[in-house]
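Take a look at the structure set out below.
Basis for what follows: all heavy atoms, side chains included, without hydrogens, waters or symmetry-related copies. So you know, we letter chains A, B, ... as the sequences are listed, proteins then strands, and number each from 1.
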Amino acid sequence: DVKVTQSSRYLVKRTGEKVFLECVQDMDHENMFWYRQDPGLGLRLIYFSYDVKMKEKGDIPEGYSVSREKKERFSLILESASTNQTSMYLCASSVRDITEAFFGQGTRLTVV
Amino acid sequence: AQSVTQLGSHVSVSEGALVLLRCNYSSSVPPYLFWYVQYPNQGLQLLLKYTSAATLVKGINGFEAEFKKSETSFHLTKPSAHMSDAAEYFCAVKKVGGNKLVFGAGTILRVKS
């Protein structure tokens with residue numbers, strides 16, 4: 001079975017903390033994505049990576065950064081967490097042409 | 001740029017009734033189109049996809065969708081709703097050769113007994 005694994009299902013962090021969300025895929029996919037999901041807004045792309053050490057900004061990159069040092073791992077970093085970053089975060093991976101994207105279970109982050 | 005519009009943030013049907021979830025897209029070139037389902041506190045699972053082969057696409061759990069280029073639509077249907085179909089459904093589009101998957105706002109399907 002193909003798998004995208006996010007390191008945490010639930011996280012509670014304090015305002016101003018540096019937060020790391022980790023995602024690992026076992027399908028040797030070139031592309032990896034981080035989305036944020038909020039009610040009524042669907043999924044919005046934060047960042048994506050099409051190769052190791054390569055990244056591109058999505059639609060809402062402000063307040064976030066990413067790291068992809070190995071092909072299977074894509075990390076999302078909140079440099080200084082704020083309450084408006086409370087959300088569900090979804091990681092996905094795909095082959096280069098994105099004929100299908102595979103999603104992790106999501107991380108529900110609460111910033112207090 | 002591609003975009004996706006899902007008409008109706010909430011749809012309610014009776015068990016056994018037809019399910020119709022609407023999706024319209026905009027894309028300057030023929031796209032790939034997807035429907036995903038999300039059950040509570042889960043990630044997204046692919047229901048079906050259109051990648052420029054047959055315009056009527058059959059997916060899992062009895063769902064199907066038809067690509068209509070003239071109407072720029074990709075509506076999702078199921079002849080008879082089941083209680084287990086209650087979930088949130090997302091339509092998504094990708095431009096062929098592009099590198100982004102753009103999602104609609106989602107439609108929550110409620111199935112009444």
Side-chain angles (χ1 to χ4, degrees), chain A residues 1-10 21 23-25 27 29-51 54-61 87-110, chain B residues 1-11 21-25 27 29-54 57 59-60 65 87-109:
Chain A
D1 242 5
V2 299
K3 213 162 189 181
V4 178
T5 303
Q6 294 184 229
S7 54
S8 304
R9 292 294 305 273
Y10 301 93
L21 303 183
C23 176
V24 176
Q25 52 98 0
M27 296 164 280
H29 283 165
E30 293 86 0
N31 297 331
M32 295 188 75
F33 308 85
W34 275 107
Y35 287 90
R36 170 176 171 158
Q37 182 181 9
D38 299 290
L41 296 177
L43 278 69
R44 293 178 291 166
L45 183 63
I46 304 172
Y47 267 97
F48 68 99
S49 168
Y50 50 90
D51 205 345
M54 306 304 288
K55 61 186 179 185
E56 280 196 28
K57 292 180 180 179
D59 300 315
I60 52 164
S87 187
M88 170 74 99
Y89 290 88
L90 290 163
C91 175
S93 72
S94 77
V95 298
R96 194 169 300 285
D97 195 35
I98 320 181
T99 48
E100 179 177 350
F102 295 85
F103 282 83
Q105 294 283 68
T107 296
R108 189 167 293 282
L109 172 68
T110 302
Chain B
Q2 308 99 281
S3 68
V4 176
T5 302
Q6 290 184 239
L7 294 174
S9 58
H10 292 77
V11 170
L21 304 182
R22 298 178 188 273
C23 173
N24 289 89
Y25 69 91
S27 177
V29 296
Y32 291 169
L33 292 158
F34 307 84
W35 276 99
Y36 282 85
V37 61
Q38 185 181 36
Y39 299 102
N41 295 315
Q42 301 278 327
L44 272 67
Q45 178 185 1
L46 183 70
L47 271 180
L48 49 80
K49 62 182 178 182
Y50 167 78
T51 55
S52 72
V57 180
I60 62 171
E88 189 162 17
Y89 292 80
F90 292 94
C91 183
V93 63
K94 186 194 86 77
K95 186 173 67 173
V96 175
N99 57 8
K100 291 183 184 180
L101 201 57
V102 177
F103 285 84
T107 298
I108 295 172
L109 175 66

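Contact annotation for B:Q6: neither backbone nor side-chain heavy atoms come within less than 4.5 Å of a heavy atom of chain A. Interface residue A:L43: backbone and side-chain heavy atoms are both found under 4.5 Å from chain B. For A:Y50, no part sits under 4.5 Å from any heavy atom of chain B, backbone or side chain. If you measure heavy-atom distances from B:E88 to chain A, the contacts under 4.5 Å come from the side chain alone. Only the side chain of A:E56 comes within less than 4.5 Å of a heavy atom in chain B; its backbone stays farther off. Neither the backbone nor the side chain of A:Y89 comes within contact range of chain B; no heavy atom of the residue lies under 4.5 Å from a heavy atom of that chain. Of the two parts of B:K100, the backbone and the side chain both hold a non-hydrogen atom closer than 4.5 Å to a non-hydrogen atom of chain A.
Ring orientation note: the planes of B:F34 and B:Y32 are nearly perpendicular, at an angle over 60° on the 30°/60° scale. Ring geometry for A:Y35 versus A:F103: interplanar angle of 30 to 60°, hence tilted. Ring-plane geometry between B:F103 and B:F90 is classed as perpendicular, the angle between the planes exceeding 60 degrees on a 0 to 90 degree scale with a lower cut at 30.
The shortest side-chain heavy-atom distance between A:Q25 and A:F102 does not fall under the 4.5 Å cut-off.
A salt bridge (Lys or Arg N to Asp or Glu O under 4.0 Å) check over residues 40-50 of chain A, counting only residues at least two apart or in different chains, returns the pairs A:D38-A:R44.
By the side-chain hydrogen bond (donor to acceptor under 3.5 Å, both in side chains) test, A:Q105 pairs with B:Q42, sequence neighbours left out.
Interface summary for chain B: among A:A92, A:G58, A:G40, A:A101, the most heavy-atom pairs under 4.5 angstrom belong to A:A101.
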